[in-house]
Amino acid sequence: MQTSDGWIQIADLVQGTEEIIEPRELEESGEWAMTAFNRCRLMELTGLEPVVPYGEVPDGEPSLLLEEAAKAVVRIAVPPERVGWRLSLAEALQCALADVRMVSGACDV
C-alpha cells in the first residue's frame with residue numbers, strides 16, 4: 001500500500017464517497033445498489049473497510065470525489081511491481097464513477 005500524501009488523499013476520497021453512497025443504497029428505491037460492485041472493488045483495492053451507515057449522512061457529490069481520486073491516482077508514484085495495482089485502481093475508479101453518474105442522472109430525472 002502507498003503511504004504517500006497522494007495515497008492518503010485517494011483513500012480519503014474513496015472513504016468519503018462510501019460514506020455518502022452507502023446510506024443511499026439502503027433507501028427504498030434501491031437505485032444506488034447498482035453501484036455496489038465497482039465500489040466494492042474500490043474498497044478491496046484500497047484496503048479500506050466497508051462503511052456501516054450511522055447517524056448523519058455527509059453532504060457532497062460522490063461523482064466529484066471519485067473524479068478527484070481518479071486524477072490523484074495518475075499522479076502517485078509506485079514501484080514497478082505495483083504498476084498493475086495502480087492501473088487496476090484507476091480502472092475501478094473510472095467504472096465506479098460511471099456507475100455513480102448513471103444512477104445520479106437517473107435519480108435526477
Side-chain angles (χ1 to χ4, degrees):
M1 234 183 251
Q2 301 302 312
T3 57
S4 69
D5 291 340
W7 164 247
I8 293 168
Q9 178 190 15
I10 293 165
D12 288 346
L13 291 165
V14 170
Q15 187 72 32
T17 300
E18 276 301 297
E19 290 171 359
I20 294 168
I21 294 179
E22 190 63 30
R24 293 180 186 180
E25 189 176 338
L26 300 175
E27 291 175 357
E28 191 173 310
S29 57
E31 294 99 354
W32 287 96
M34 293 188 293
T35 67
F37 176 78
N38 285 310
R39 288 183 12 252
C40 245
R41 196 167 144 221
L42 269 180
M43 297 299 281
E44 185 175 316
L45 285 167
T46 56
L48 296 171
E49 294 294 319
V51 172
V52 177
Y54 64 92
E56 204 170 302
V57 177
D59 289 331
E61 180 53 49
S63 63
L64 296 177
L65 297 176
L66 290 174
E67 282 177 15
E68 196 173 331
K71 290 175 186 174
V73 79
V74 174
R75 293 188 302 261
I76 62 171
V78 295
E81 64 272 8
R82 299 288 286 169
V83 170
W85 168 83
R86 189 176 80 177
L87 291 172
S88 294
L89 181 59
E91 180 196 22
L93 282 162
Q94 291 299 324
C95 292
L97 178 56
D99 289 350
V100 166
R101 284 180 175 155
M102 175 191 64
V103 171
S104 183
C107 291
D108 290 341
V109 174

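Start at 1 with the first residue, then count along the sequence. This structure is a prediction, so every number in the text was calculated from the model and none was measured.
- Note: the hydrophobic cluster containing W32 does not contain L65 (ILVMFWY, side chain heavy atoms under 4.5 Å, direct or indirect links).
- Side-chain atoms of S104 and E61, non-hydrogen and from C-beta on, do get closer than 4.5 Å to each other.
- The OG1 atom of T17 sits 9.5 Å away from the CG atom of L64 when rounded to the nearest 0.5 Å.
- Between A69 and L13 the shortest heavy-atom distance is N-CD1, 3.5 Å.
- Within 6.0 Å of CD in E81 there are more than 12 heavy atoms belonging to other residues, nucleotides or ligands.
- For E91 and R41, the salt-bridge test passes: some basic side-chain N is under 4.0 Å from an acidic carboxylate O.
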**OP:** Mind running side-chain contact (heavy atoms from CB on, under 4.5 Å) on E19 and Q15 for me, showing each step along the way?
**Re:** CA-CA 6 Å; E19 290 171 359; Q15 187 72 32; 3.6 Å; yes

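- Taken to the nearest 0.5 Å, the CG atom of L89 stands 6.5 Å off from the CG atom of L42.
- Taking CG of L45 as the start and SG of C40 as the end, the distance is 11.0 Å to the nearest 0.5 Å.
- If you take CD1 on I20 and OG on S63, they are separated by 9.5 Å, rounding to the nearest 0.5 Å.
- With sequence neighbours left out, A36 forms a side chain to side chain contact (heavy atoms under 4.5 Å, CB included) with E25, R39.
- Contact of the R24 side chain with the P62 side chain is registered, since non-hydrogen atoms from C-beta on lie closer than 4.5 Å.
- Identified under the salt bridge (charged side-chain N to carboxylate O under 4.0 Å, His left out) test for residues 71-80, with sequence neighbours left out: none.
- Residue E31 holds its CD atom at 10.0 Å from CE of M102, rounded to the nearest 0.5 Å.
- Side-chain polar atoms of Q9 and E68 form a donor-acceptor pair below 3.5 angstrom.
- For the atom pair OG1 (T35) and CZ (R101), the distance works out to 14.0 Å, reported to the nearest 0.5 Å.
- Linking Ile, Leu, Val, Met, Phe, Trp and Tyr whenever their side-chain heavy atoms come within less than 4.5 Å puts L93 and W85 in one cluster.
- Both L48 and L97 are part of a single hydrophobic cluster, where members link through side-chain heavy atoms under 4.5 Å apart.
- Hydrophobic clustering keeps F37 apart from V14 (ILVMFWY residues linked when any side-chain heavy atoms are closer than 4.5 Å, directly or through intermediates).
- In this structure, W7 contributes its side chain and I76 its backbone to no donor-acceptor pair below 3.5 Å.
- With hydrophobic clusters built from ILVMFWY side chains whose heavy atoms lie under 4.5 angstrom apart, M43 shares a cluster with L87.
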